[in-house]
Amino acid sequence: MAQIAKMLAQRLALGLLTLFAVSLIIFMAIELLPGDFTQAVLGQSATPETVAAFRKELGLDQPAYLRYFHWIGDILQGDLGRSFANQRPITELLGPRIYNTLFLAAYAAAIAVPVALAFGILAALYRNSIFDRAINVTAPDRDLLAGVPGGLHPDPDLRRPARLGAVDRRRVNAETGLFERLYILLLPAVTLTLVTMAHMMRMTRAAIINLMASPYIEMARLKGLGRYRIIVKHALPNALAPIINVVAINLAYLIVGVVVVEVVFTYPGLGQLLVDSVSKRDMPVVQISCLVFAVTYIVLNLLADIMSILSNPRLRHPR
């Protein structure tokens, strides 16, 4: 048990260190962006005195390293700052957007994860069969399906030539019912599902097939156990670690990679907010949005490491 606690502490410390490095990279990358927000807001006709006063009001006159430590300190105290564009607290902007993004990612995951795991197990169970070959040949690829056409949206009102499959933002709000929201988001969710399902399915199949050559599996065969029982009761529990890792990576991809889908379908999520803020040069919102994506990715990978450790029988039951 002490060994597990030590490994979990190491993973947690590594996650915190990674998060600190990512926050520094995000801040530096945004600092290096060309252009000036104050000049863009005030226009080319603004006098240098007006620009300097505006920069001082926003705190942009301070050195970059001071602004970074102030930014991190405020975040640790729960203050995410204010938007440059409209002076609203960033927490007010992020709340509904994060909910929309997580809802869409959860919708896609609820479809992709069970289907991918089931197909992967069946492909391993009937290895080299027609079913296995058909799955490997027809499994969708991320790059191929990243731009699924939107004209197939179930709502005829949303099949606009200017933005095929676009989501009507007026219909996605806090008052939208569950089933209506599921109906509206069907096409974006299916797009994300197709983009992530193939990887999970192939890795599940590979993990189980790799374990099928183990000595204890050969012993189970010699005892006369059926193939289904061998895979489900013996191979699958020991394949949980790699399967958990690949599911966590794809869940992180669903949330972080949802930016493209949100922009394509004009869905009011965190990714759309990030793109809009970049176009407005609203740097505080851009920084926090990037940090939220980074935290999500790091936390999911950290949880995958922890669950992989806990699912390892050799660690849970040391000799």
Can you name the closest pair of heavy atoms from Phe265 and Leu187 and give their distance?
CE2-CD2, 3.6 Å
Residues that Tyr68 engages under ring-ring contact (aromatic ring centres under 6.0 Å, His included), provided they are two or more places apart:
Phe27
Applying side chain to side chain contact (heavy atoms under 4.5 Å, CB included) to Ala206 and not counting sequence neighbours gives none
Work out which heavy atom in Ala189 is nearest to a heavy atom in Leu104; give both atom names and the distance.
N-CD1, 3.8 Å
Contacts of type side chain to side chain contact (heavy atoms under 4.5 Å, CB included), residue Arg127, not counting sequence neighbours
Asp132, Arg205, Ile209
Nearest heavy atoms of Ser23 and Leu291, plus distance in Å
CB-CD1, 4.0 Å
Quick one: does any side-chain atom of Thr101 pair with a main-chain N or O of Leu270 as donor and acceptor, under 3.5 Å?
yes
Should Ile90 and Ser289 be marked as a side chain to side chain contact (heavy atoms under 4.5 Å, CB included) after you check the CA-CA gap, both sets of side-chain angles, and the distance that decides it?
CA-CA 10 Å; Ile90 295 179; Ser289 299; over 6 Å; no
Do Pro63 and Leu66 come close enough that some side-chain heavy atom pair is under 4.5 Å?
yes
Does Tyr216 OH have over 12 foreign heavy atoms under 6.0 Å away?
yes
Flag side-chain contact, heavy atom, 4.5 Å: Ile72 against Leu24:
no
Kindly compute the distance separating CZ (Phe119) from CG (Leu122), expressed to the nearest 0.5 Å.
7.5 Å
Could you give the distance from CD1 (Ile243) to OG1 (Thr204), rounded to the nearest 0.5 Å?
4.5 Å
Co-membership, hydrophobic cluster, residues Val299 and Tyr297, 4.5 Å side-chain
yes
Any side-chain heavy-atom pair of Pro284 and Leu80 under 4.5 Å
no
N/O donor-acceptor pair under 3.5 Å between Asp282 side chain and Ser83 backbone:
no
Shortest non-hydrogen contact between Pro114 and Ala109, atoms and distance
CD-O, 3.6 Å
May I ask whether Ile25 and Val278 are part of the same hydrophobic cluster, defined by side-chain heavy atoms of I, L, V, M, F, W, Y residues being less than 4.5 angstrom apart, directly or through others?
no
Given the rule that I, L, V, M, F, W and Y join up when any side-chain heavy atoms are under 4.5 Å apart, are Phe69 and Met283 in one cluster?
yes
State the CE-CG distance between Met203 and Asn250, to the nearest 0.5 angstrom.
9.5 Å
Ile130 atom CD1, over 12 foreign heavy atoms within 6.0 Å
no
Please confirm whether the backbone N or O of Val261 pairs with a side-chain atom of Tyr267, one donor and one acceptor, at under 3.5 Å?
no
Within the 4.5 Å heavy-atom criterion, are Arg181 and Asn100 side-chain neighbours or not?
yes
Hydrophobic cluster membership, with links at side-chain heavy-atom distances under 4.5 Å among I/L/V/M/F/W/Y: are Leu182 and Leu254 in one?
yes
If you round to the nearest 0.5 Å, how far is NE2 of His70 from OH of Tyr65?
9.5 Å
Measure across Val22 and Ile298 and return the closest heavy-atom pair with its distance rounded to 0.1 Å.
CG2-CD1, 4.2 Å
Atom of Met200, atom of Ala116 and distance for their closest heavy-atom approach:
CB-CB, 3.7 Å
Residue pair Glu92 / Pro89, side-chain heavy-atom distance below 4.5 Å:
yes
What's the separation between atom CD1 in Ile249 and atom CG in Leu251, rounded to the nearest 0.5 Å?
10.0 Å
Scan side-chain atoms only and decide if Gln272 and Thr266 contain a donor-acceptor pair under the 3.5 Å cut-off.
no
Hey, what do you get for CD (Glu262) to CG (Leu192), rounding to the nearest 0.5 Å?
8.5 Å
Does Met28 belong to the same Ile/Leu/Val/Met/Phe/Trp/Tyr cluster as Val292, with side-chain heavy atoms less than 4.5 Å apart forming each link?
yes
Should Leu117 and Val247 be marked as a side chain to side chain contact (heavy atoms under 4.5 Å, CB included) after you check the CA-CA gap, both sets of side-chain angles, and the distance that decides it?
CA-CA 9 Å; Leu117 295 183; Val247 169; 4.3 Å; yes
